[in-house]
**Q** 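Before I ask anything, here is the structure I am working with.
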Amino acid sequence: MRNTHSPRTCTGGVISSAIILISWFAAGILMFYIGYLVFRGLGPLIRVFRGGAFAKTDDVLLPLWFHTLYLLIAGTVLALPLGIGAGVYLSEYVGENRLKQWILTAVEGLAELPPIVYGLFGWGALAPYLGEGKQTLTLVLTSAVWLLPQLVSVTYMVLQEVPVSFRRDSMALGGTRWQTTWRALMPYAGRSLAAEALEGMARVGGETAPVIMIAAAWTSLPGQPLSTLPYHLYRSAVESLDPASPHNFGTALLLVLTSICFQGAALRLRKTGISLTGSVHERERGRWY
Amino acid sequence: MGIQSTKEKLASTGQTFRFGPEVILQLATAATLMVMAAVAIFVVKGAVNSVLLVNLESGLILMAAVNSVAIAAGAVVIALPVGLVSALYITELAPSQSAKTFWTAIKMLSAVPSVVIGFIGLVWLGYTGSSQVTSPLRTSVAASLLLALMVYPPLTSFLIEHLRRIPASLRASSYALGASRWQTIAYTVYPAARSIIAAAGFFGLSRAMGDTAIVLMLWQAAVRSSLVGSQGSRLFTIPTAIIMGAERGWHHSGSFLMALLIVILSLGFSALGRRFMQSHWRGQE
């Protein structure tokens, strides 16, 4: 008797292979454009890092890169204590009440706002207030304001995933709330917290909209002190007659590599931590296939 | 009595206030809430002011909103089926090693900034400043395709994370009844994941709508090579309009209203997504 339920039936085989083909095809497209970037951009990028004889325009790349990282880190340093503090307070100190629910909803909503709204905030509120010539400060403050709700919601989420027994045991040993948070919860949740923060930094650092908006706040001044890598790529790709110049490819590749480094660090942190999702997945795989 | 807060302990010993971690955390929370309230008040106030204006170009704002939603919806229509197929492949079919490779690649690529994708779009579509014969429809399809490229990795990783959490017992019972892999996917995993898929679609929509750089770059290139009228094109989305309002002073006053509009739209879509997540049946893990 033919077993029609086996995976080797014609329909099942066709559909399974279609699924496999489509998903590898999609991943292939993504890999293709990254590969294309590497192919076109690696040469200019190597020339930048090796120094020596390279085109004058490529000189800009390295200072730009440092400047981007500097702005990003400054914004993060401003936002990190406030965001994590607020997340810890909301998660560990405040009991359940209506106000807390509202605050959490608002935080989640603000964390998901389109970046252009934060750009508008920097352009319309911070820039006129801080005055001319303070572009760097405006941009740092804008990215801090954008990171803030993300950090609060991430901290809250990560702390909520720690089992209650951690808190109960620490309290039973006579720990205060702060000791519980610092000594019992943070060692457990710290890795995924750091990972989420890195992901947020990658998103904020790679976004163009706030920089364009803030650069537009002072049309009299050149946007040079403000230039970050994404903004530079946007400008030179849109304004030059030939968007496919080697310089642009070098910029794009450097940008992609930087974001991928951040994301890779986040992934690495999360993987070696106590990961619940991964283990469920692996157990399932081991058992049923 | 359960766990006492520091304040309650202090109150019982007669002390009323002591400087400690709790106070610092309270201050941090207050500062955070004030900053966030400032953002919200700023946008809402600006929007209210612009509504009160006499010569508000409401037709243009409406058109920008429709364009935003249309382009984002196009991106999700392209990215969601492909993302679903990839997620099913990883969770149900792939051998462990290639699932891991795929997952890492998807996660890494979800960090690629949208400027880079816009740049690739410019290069591949060959906007070089000289005039190219392209219709506005084709450029908006191109924008949707590029946005789909941007939305696909986060969409897929979201789907994978939630498909993984569908209880193993469901799959076990399906296999125990003699179902094949395909039958398990179609009759067990898919029904259990339906609300997750809808949620992924709405989250993707909200994310694609909030993205600025891709559509802005295409629009600028298209305008510069005079393919389209500057404000009439289908690429004229809300973020583009806001940035042009800041850079060139076009309908400057409408910026805040448009910002409020896109906030409402994108938060509305992600709230819908969250609604679907809540209705998702999780079973017992």
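First the proteins, then the strands, lettered A, B, ... as listed; each starts at 1.
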**Q** Relative to chain A, which segment of B/Ile24 carries a heavy atom at a distance below 4.5 Å: side chain, backbone, both, or neither?
**A** neither
**Q** Can you say whether A/Leu151 sits under 4.5 Å from chain B via the side chain, the backbone, both, or neither, judging by heavy atoms?
**A**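 No part of A/Leu151 comes within 4.5 Å of chain B.
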**Q** About how many Å separate CZ of B/Arg181 and OG1 of B/Thr184, when rounded to the nearest 0.5 Å?
**A**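 Between atom OG1 of B/Thr184 and atom CZ of B/Arg181 there are 9.5 Å.
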**Q** At a heavy-atom separation under 4.5 Å, does B/Leu33 approach chain A through its side chain, its backbone, both, or neither?
**A**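 Side chain of B/Leu33 only, per the 4.5 Å heavy-atom cut-off to chain A.
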**Q** Heavy-atom distance under 4.5 Å to chain A: side chain of B/Ser110, backbone, both or neither?
**A**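 For B/Ser110, the side chain is the part near chain A, not the backbone.
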**Q** Heavy-atom pairs under 4.5 Å with chain B are the metric here; pick the option from A/Val88, A/Leu253, A/Asn248 that has the most.
**A** A/Asn248
**Q** Looking at A/Val145, A/Ile260, A/Ile22, A/Leu30, which makes the most heavy-atom pairs under 4.5 Å with chain B?
**A** A/Leu30
**Q** Have A/Thr181 and A/Glu92 got a donor and an acceptor in their side chains that come within less than 3.5 Å?
**A**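 Side-chain D/A pair, A/Thr181 to A/Glu92: absent.
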**Q** B/Leu149 versus chain A, heavy atoms under 4.5 Å apart: side chain, backbone, both or neither?
**A**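 Its backbone and side chain both get close to chain A.
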**Q** Relative to chain B, which of A/Val256, A/Val107, A/Val117, A/Ile20 shows the most heavy atom pairs under 4.5 Å?
**A** A/Ile20
**Q** Using modelled atom types and a 3.5 Å cut-off, is there a donor and acceptor pairing between side-chain atoms of A/Thr251 and backbone atoms of A/His247?
**A**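 At least one qualifying donor-acceptor pair exists.
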**Q** Side chain, backbone, both or neither: which part of A/Val238 has a non-hydrogen atom closer than 4.5 Å to chain B?
**A**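 Contact with chain B: backbone and side chain both.
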**Q** Count the heavy atoms of every other residue, nucleotide or ligand shown that sit under 6.0 Å from NZ of A/Lys100, and state whether that count exceeds 12.
**A**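 Enclosed: over 12 neighbouring heavy atoms sit under 6.0 Å from NZ of A/Lys100.
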**Q** Relative to chain B, which segment of A/Tyr118 carries a heavy atom at a distance below 4.5 Å: side chain, backbone, both, or neither?
**A**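 Side chain of A/Tyr118 only, per the 4.5 Å heavy-atom cut-off to chain B.
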**Q** To the nearest 0.5 Å, how far apart are OG1 in B/Thr212 and CG in B/Leu216?
**A** 7.5 Å
**Q** Under a 4.5 Å heavy-atom cut-off, does chain B meet the side chain of A/Leu82, its backbone, both or neither?
**A**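 Both backbone and side chain.
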**Q** Within the 3.5 Å criterion, strictly below it, is a donor on B/Arg171 or B/Tyr175 matched to an acceptor on the partner's side chain?
**A** no
**Q** Is the distance from the ring center of B/Trp124 to that of A/Tyr36 below 6.0 Å?
**A**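 They qualify: ring centres under 6.0 Å apart.
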**Q** Below 4.5 Å from any heavy atom of chain A, which atoms of B/Ile120 appear? Answer side chain, backbone, both or neither.
**A** side chain
**Q** For B/Ser266, is it the side chain, the backbone, both or neither that has a heavy atom under 4.5 Å from a heavy atom of chain A?
**A** side chain
**Q** Out of A/Gly205, A/Ala125, A/Ala144, which one racks up the most heavy-atom pairs below 4.5 Å with chain B?
**A**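 Heavy-atom pair counts peak at A/Ala125.
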**Q** If you measure from CD1 on A/Ile19 to OH on B/Tyr89, what distance do you get to the nearest 0.5 Å?
**A** 10.5 Å
**Q** Could you look at B/Val43 and say if it's the side chain, the backbone, both or neither that has a heavy atom under 4.5 Å from chain A?
**A**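 For B/Val43, the contact with chain A is made by the side chain alone.
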**Q** Over 60° means perpendicular and under 30° means parallel, so tell me whether A/Trp182 and A/Trp178 are parallel, tilted or perpendicular.
**A**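 Geometry flag for A/Trp178 against A/Trp182: parallel rings.
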**Q** With a 4.5 angstrom heavy-atom cut-off, which part of A/Ile84 approaches chain B: side chain, backbone, both or neither?
**A**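 For A/Ile84, there is no contact with chain B at all, as no heavy atom is under 4.5 Å.
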**Q** Which answer fits B/Val85, side chain, backbone, both or neither, if we ask what part of it has an atom under 4.5 Å from a heavy atom of chain A?
**A** both
**Q** Decide yes or no for A/Leu120 and A/Trp123: does some side-chain heavy atom of the first lie under 4.5 Å from some side-chain heavy atom of the second?
**A** yes
**Q** Going by atom types alone, do A/Tyr93 and B/Thr29 pair a side-chain donor with an acceptor below 3.5 Å?
**A**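 Not at all, the side chains of A/Tyr93 and B/Thr29 share no donor-acceptor pair under 3.5 Å.
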